[in-house]
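Data first, discussion second: the structure below is written as structure tokens.
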Amino acid sequence: MAKILVTGGAGYIGSITRHFLEKHGHSVIVVDNLSRGHREAVPEPILRVLDTRDTDKVEVLLRDEHVEAVIHFAAYIAVGESTQVPEMYFTNNVSGSLSLFEAMLRADVKRLVFSSTAAAYGIPATVPITEDEPYAPINPYGESKVMVEKILEWLDRYREFRSVRLRYFNACGAEPEADLGEEHDPETHLIPLILRAVQTGKPVTVFGDDYATPDGTCIRDYIHVSDLAEAHIYAVEHLLKGGKSNVFNAGTGVGYSVEEVIAAVEHLTGKQVPRVTGPRREGDPPSLVADSRRLQETLGWRPTRSSIERIVSDAWEFARRHSEPRSQS
Ligand code: UFG
């Protein structure tokens, strides 16, 4: 069992990964500056309110706590915002990562799991997407993650700094056992917005229904956040055993359209989802589905909760528990 530092552990995927690390017997310290995360998502004794850009303090923490590996979530994640204030994304996501790596090198902690993204591929030439697809980000958010991936490739080569980069597809759902789920502000992700539409009666906008897909709406690879969290456990344990650096798609290999997700919510709730069709959202590829065989074959990970029914049901339970009382019903 290892001592693991989780940056961004007050966020959505970070907090649920922290829960699974502890379940697997690891001891965790969370670093989060709470600029976007939620204090209540982290048990108080393990939270250190700190910015990864504070290299000296991170170095001291790594040494004092005898940290053996780091899982690095801390980053801004909103694609739209990254096109409005790109510099904020490069400062936080790239400088923040570099500062963390510098602190790790100084403290001689050389194992890292990194949250990367399918946005690294931009609009891919082929779907399902393998890890060999070239980097082709089309927004500053994706570019910021690619920059960090490249830094990690060089650190592996010249500093024996071993890392696993996980390229997330669409993380969604919630972990009922820990009462942790998605609470972004503002929320931009499809499933919470559909659930909110059911709760409030205010329609969700379907961004385009004229794509070259079977029902005209975009297809995504929705991965249950708890399956995604578990991929991090496999990744960090691989590194702790002396495993090599690698990059993996973290997706399920199954795609659902926006209409199919809405249908799953209608089936679950027995209610019509209020919706309007709007124009396409800029930068949305028609279909993004992972080829995740490398992750499954190399690390032995399997998605076990990522059916769309399970995803929307866990997300719904969380949304009901964490929203204002509903106006009707
Ligand atoms: N969508 C709608 N209406 C909405 C919100 C989303 O129709 O109100 C559609 C989008 O067009 C897309 C799908 O629902 O087809 C999923 O959209 P999300 O915003 O939930 O997720 P994205 O696929 O855009 O983004 C996800 C991650 C990003 C990451 C990206 C990689 O959230 O962090 O995948 O491509 F960058």
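Counting starts at 1 for both ligands and their atoms, following the listed order. Positions are given from 1, in the same order as the sequence printed here.
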Contact partition for Leu190 relative to ligand 1, non-hydrogen atoms under 4.0 Å: both
Mode of Asn170 contact toward ligand 1 - side chain, backbone, both, neither (heavy atoms, under 4.0 Å): side chain
Phe318/His322 aromatic ring centres below 6.0 Å: yes
Contacting atoms of ligand 1, where contact means under 4.0 angstrom from a heavy atom of Leu193: 8 (O)
Region of Thr205 that comes within reach of ligand 1 [heavy atoms, distance under 4.0 Å]: backbone
Parallel, tilted or perpendicular: rings of His232 and Tyr168 (30°, 60°): perpendicular
Pair Ser257-Thr213, side-chain donor/acceptor within less than 3.5 Å: no
Between Tyr121 and Tyr135, ring centroids under 6.0 Å: no
Proximal ligand 1 atoms for Ile77, defined as those under 4.0 Å from one of its heavy atoms: 33 (O)
Which of the ligand 1 atoms, numbered from 1, are nearer than 4.0 Å to a heavy atom of Val79: 36 (F)
Short N or O distance, Thr117 and ligand 1, threshold 3.5 Å exclusive: no
Under 3.5 Å side-chain donor-acceptor pair for Asp209 and Thr217: no
Enumerated ligand 1 atoms positioned under 4.0 Å from heavy atoms of Thr188: 5 (C), 19 (O)
Closest to atom 16 (C) of ligand 1 (judged by heavy-atom distance), picking from Tyr222, Phe169, Phe207, Tyr168: Tyr222
Ligand 1 to Cys218 polar contact by distance, N or O atoms, under 3.5 Å: no
Which residue and heavy atom of the protein sit nearest atom 31 (C) of ligand 1, plus the separation: Ala119 N, 3.4 Å
Distance-only polar pair, side chains of His267 and Glu309, donor-acceptor under 3.5 Å: no
Distance-only side-chain donor-acceptor flag, Ser292 / Asn249, under 3.5 Å: no
Residue Leu288 vicinity, atoms of ligand 1 by number, heavy atom under 4.0 Å: 35 (O)
Residue and atom name of the nearest protein heavy atom (relative to atom 9 (C) of ligand 1), distance in Å to one decimal: Val258 CG2, 3.8 Å
Proximal candidate to atom 23 (O) of ligand 1 [heavy atom criterion; set Arg281, Arg220, Glu187, Arg280]: Arg220
